[in-house]
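Computed from a predicted structure; not experimentally measured.
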Amino acid sequence: IDKASNMVSPLELHTKRKNCWVSFEGEVFDLSEFLDSHPGGGDLISEVAGRDATAELLEAHPKGLKIVKETLSAEEYKKFYKGKLQTLPHISTSELENHANWVAIDGFVFDLSDFLDEHPGGGHVISEWAGKDGTDAFLGAHDTGLSIIKETMSDDDLKKALKGTFAQSKRENLIPTTRFMEKLLSPLVEYLKVMLMVMVAIVAWIYQENFTADIVKFEDNDKYLKLLAGLGLLLVSKEILTFLKRKLDNSSWVYGKVNPTFISKIKSIVGDESRIYFQDGTDSAKRELDRHARDMSFHKPNSPDVVVYPTSPKEVQAIVKCCFESAVPVVPRGAGSGLEGGVIPYSGGVVLDLMKMKKCELIEGEMQAVVGPGLKKSQLNDFLQPHGLLFGPDPASNPSIGGMASTRGSGLSTVMYGTTGENIISLLVVTPKGELIRTRKRVRKSSTGYELNQLYIGSEGTLGVIVELVVKLYACPKVRCGCVITFKNISDAATATKLLMRKGLQSLCRCELLNADGVQATNKKFGTNLEAKPTVFLEFRGESQLNCESDARQAENVMKGLSAGYRFAENGSDLDKLWEARRGCYIAAMSYRELKGDRIFLSDTCVPLSKIASMISETESDFQKAGFPCIICAHIADGNFHCCTPYQPEEKSQVEALENRMIERAISMGGTVSGEHGVGVGKITHIESEHGSAHIHVQRSIKRALDPKNIMNPGKIFILPKAEGGRAIIPEIYHQTDSNEGKGTYEH
């Protein structure tokens, strides 16, 4: 922007372009394009730095610069941040400077050492953001610091940590006078402004009522004075409404407390106290609350207030209704095998563990079954096998059927059976208000209004609780055969797969890929003996050995021009060990580098099949250039692949930069950031880039309409501002943690 900073008023700098203006070394820069192209880092920078938009803020608080550095490449960093930033003299006592864990709040100094030791995730954040300066000026100017403390600690923990008030400092030594006065007077000025306008209107009205010819000969203008007074009242009303709306817009969601009265209500609904756990000091309760604080991802855990195991739709209905009346958050949970933090209860409240709802009934005369949300995929197929039937979708983990519906998890057999969404005929759902609805009749065709079935499938528990499903079934195949095909490079493998899918082979059930790193990891972990080259695994199923082998030969003919090796297995069971190894790709990645403390970055991008060759090749090249293994396991015929990359905590920023480039690449190719794992909190910063703000606005509008109190799994898929025009802030608690506290155990 062709202006010096002394030509831009603080108000203009604050309001212009959604806080995208930043002043550096006497010049003003517009970072709109950067913020638009980096929605994750952009939102954080805009919220953390944009309120003041000063170089001093970034210089004073290295966390801001750290976010910038992790978001930008070296070239972009040089482009947007030229030269050194100005220094800001910190106003703090020498004591505060010498004690990183001392924090000044409202004129008092507190020692948070115990809190930082007990809460390594939140503690690390507080220490990084506030501890270096430890000044009330920082906490006062930037509400993020205080909100992190509040979100990390319960009220009791906060009181416990702050009870050690060991010093009271003079306020002028801790808070810059201007900042203190601004904090003190800003709300007062707003109220005085409204009151003054009300008084002016009242005086104007009284004045015109008593305005007679004895004072001034204005009898003929009396109607004009009344009109003027009326306009004054309208203006005052408008100002009052605007003021109140602004206050509401800036407020956050307020949830009810889980107190003994609320717990008593839940107990009266459930009856069996062995199915209710809360903070009562017992070891069993602590174990249950800790277990429900996480899923299988590395996202920061957070304990619920209550865990309940309902056993029927009516129980779920009564519990949700109670939560709605008390404004208590509800998080539905299945097997907990998710990888995006989708069932972590960041707002506390009640976790509904649905794993005791394992109903399983065949519908006579139909290829359908009625199942409970807590029934696992393998349990359903074990029940169906004696009847010669199976449930088609086949995720690599063993999730609950309800969880599969909530995230659209589909797995290895989508080529033949379709996605999970295509295999669910009807749902029974408890709405946020505690009402019970069926999404559609269990018929093949229906043309009677909105398709609510697909609305709830993939909603991740944010619109209601799935308490029953009607699923489509298939006859078990009589014949299985398969083949393993190796390629010189990943591009040839992807191109060959694209050619294969054009053939439309009826018996093709699975088409999976491991790249060279994936093959090496699998050999090492599971004792397989595959050549370390990109490898495609095919399985054919059907009623006739002849038909399956014929399709296998066609696959060989299509791929032989590009392949480097081909192995056929007449009996599909001969390849079962390889299929189990393919399922364990995530586990293999965890031990691939044999480095203690390795975490796993896991992607779930999906692109059109015509783009899969270039998408995987460019991603693999990008990771290899950065010096990271790129273990790819792909549902390649679906255009969906998972990149499993081990990394150490200090390498996190590099891996995140690689992820950002991969996601940008997928979106530019017409793809999606998540093919089957869902959004949860792990992909929350990317979905607006994929869909656009207008699309997300529609999704948020649906959420507001169905869940007006925002109690259903709040903070997942997107952050919902309380007011329609409010801005969504992504709190630090939603971002991945590298502490051991967030590490899940993957059950294979």
Side-chain angles (χ1 to χ4, degrees), residues 255 258 262 265-266 269-270 275-276 292 295 304-338 342-359 370-376 399-409 420-421 424 426-440 452-471 678-680 702-717 720:
Y255 294 116
V258 177
F262 176 83
K265 290 180 181 179
I266 300 296
I269 293 169
V270 177
R275 294 190 280 118
I276 306 172
H292 289 83
D295 58 8
D305 296 296
V306 183
V307 173
V308 186
Y309 287 87
T311 57
S312 69
K314 285 187 176 180
E315 271 190 4
V316 174
Q317 194 177 357
I319 293 167
V320 171
K321 188 174 183 180
C322 178
C323 290
F324 181 80
E325 291 170 351
S326 302
V328 171
V330 181
V331 179
R333 179 186 174 101
S337 58
V343 296
I344 301 176
Y346 286 121
S347 297
V350 175
V351 167
L352 282 177
D353 192 315
L354 304 170
M355 294 306 290
K356 291 187 181 296
M357 298 179 66
K358 294 183 180 292
K359 179 178 181 179
V370 180
V371 301
L375 192 71
K376 286 191 172 184
S400 66
I401 306 298
M404 290 174 65
S406 293
T407 62
R408 291 195 184 96
T420 294
I424 295 175
S426 176
L427 296 170
L428 196 62
V429 177
V430 174
T431 71
K433 295 182 180 180
E435 299 167 329
L436 192 65
I437 65 167
R438 185 166 292 283
T439 55
R440 69 190 300 274
L452 297 187
N453 214 46
Q454 294 302 320
L455 175 64
Y456 285 99
I457 293 172
S459 63
E460 302 185 36
T462 62
L463 302 179
V465 185
I466 296 172
V467 293
E468 187 179 281
L469 309 90
V470 178
V471 298
V679 177
I702 293 170
K703 168 72 169 173
R704 289 181 193 281
L706 297 182
D707 186 12
K709 293 185 180 181
N710 194 29
I711 64 167
M712 293 305 308
N713 205 7
K716 309 301 165 48
I717 302 181
L720 188 71

Taking the side chain as every heavy atom from C-beta outward, state whether [X] and [Y] have any pair of such atoms under 4.5 Å apart.
X	Y	answer
I401	K376	no
K433	P708	yes
P313	V316	no
V465	V429	no
P432	L463	no
V470	L428	no
L469	V370	no
V467	L436	yes

For a quick test of reading the model, state the closest non-hydrogen atom pair linking [X] to [Y] and the distance between them.
X	Y	value
I276	I266	CD1-O, 4.0 Å
G342	N713	O-ND2, 2.9 Å
P310	V308	CD-O, 3.1 Å
S400	M355	CB-SD, 4.0 Å
P332	M712	CG-CE, 3.9 Å
F324	K709	O-NZ, 2.8 Å

[atom2] on [Y] to [atom1] on [X], rounded to 0.5 Å:
X	Y	atom1	atom2	result
Y456	T462	OH	OG1	9.5 Å
I466	I457	CD1	CD1	7.0 Å
T439	L452	OG1	CG	6.5 Å
K703	I717	NZ	CD1	8.0 Å

Any sub-3.5 Å donor-acceptor pair from [X]'s side-chain atoms to [Y]'s backbone N or O?
X	Y	result
S426	R440	yes
K716	G680	no
D707	I711	yes
S347	P714	no
Q454	G421	yes
D305	G348	no
S326	C323	no

Note to self: Can you tell whether the side chains of R438 and E468 come within less than 4.0 Å, N to carboxylate O?
What the structure shows: yes
Note to self: Run the side chain to side chain contact (heavy atoms under 4.5 Å, CB included) test on R704 and N710 for me, step by step, so that the C-alpha distance in whole Å, both residues' side-chain angles and the decisive distance to 0.1 Å come before the verdict.
What the structure shows: CA-CA 7 Å; R704 289 181 193 281; N710 194 29; over 6 Å; no
Check: Does a sphere of radius 6.0 Å around NZ in K321 hold more than 12 heavy atoms from other residues, nucleotides or ligands, not counting ones at 6.0 Å or beyond?
Finding: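 Not more than 12 within 6.0 Å, no.
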Check: Are F262 and V350 close enough, and set up right, to give a side chain to side chain contact (heavy atoms under 4.5 Å, CB included), and what steps lead you there?
Finding: CA-CA 11 Å; F262 176 83; V350 175; 3.8 Å; yes
Checklist line | Audit row: C322, I269, side chain to side chain contact (heavy atoms under 4.5 Å, CB included) steps and yes/no | finding: CA-CA 9 Å; C322 178; I269 293 169; 4.1 Å; yes
Margin query: Before you tell me yes or no, could you show the steps for I424 and M404 under side chain to side chain contact (heavy atoms under 4.5 Å, CB included), namely the whole-Å CA-CA distance, both residues' side-chain angles and the distance that decides it to 0.1 Å?
Written below: CA-CA 10 Å; I424 295 175; M404 290 174 65; over 6 Å; no
Residue list, side chain to side chain contact (heavy atoms under 4.5 Å, CB included) with [X], at least two apart or on another chain:
X	answer
T407	E460
V351	H292, P304, V307, V331, R333, P345
T311	R275, E315, K356

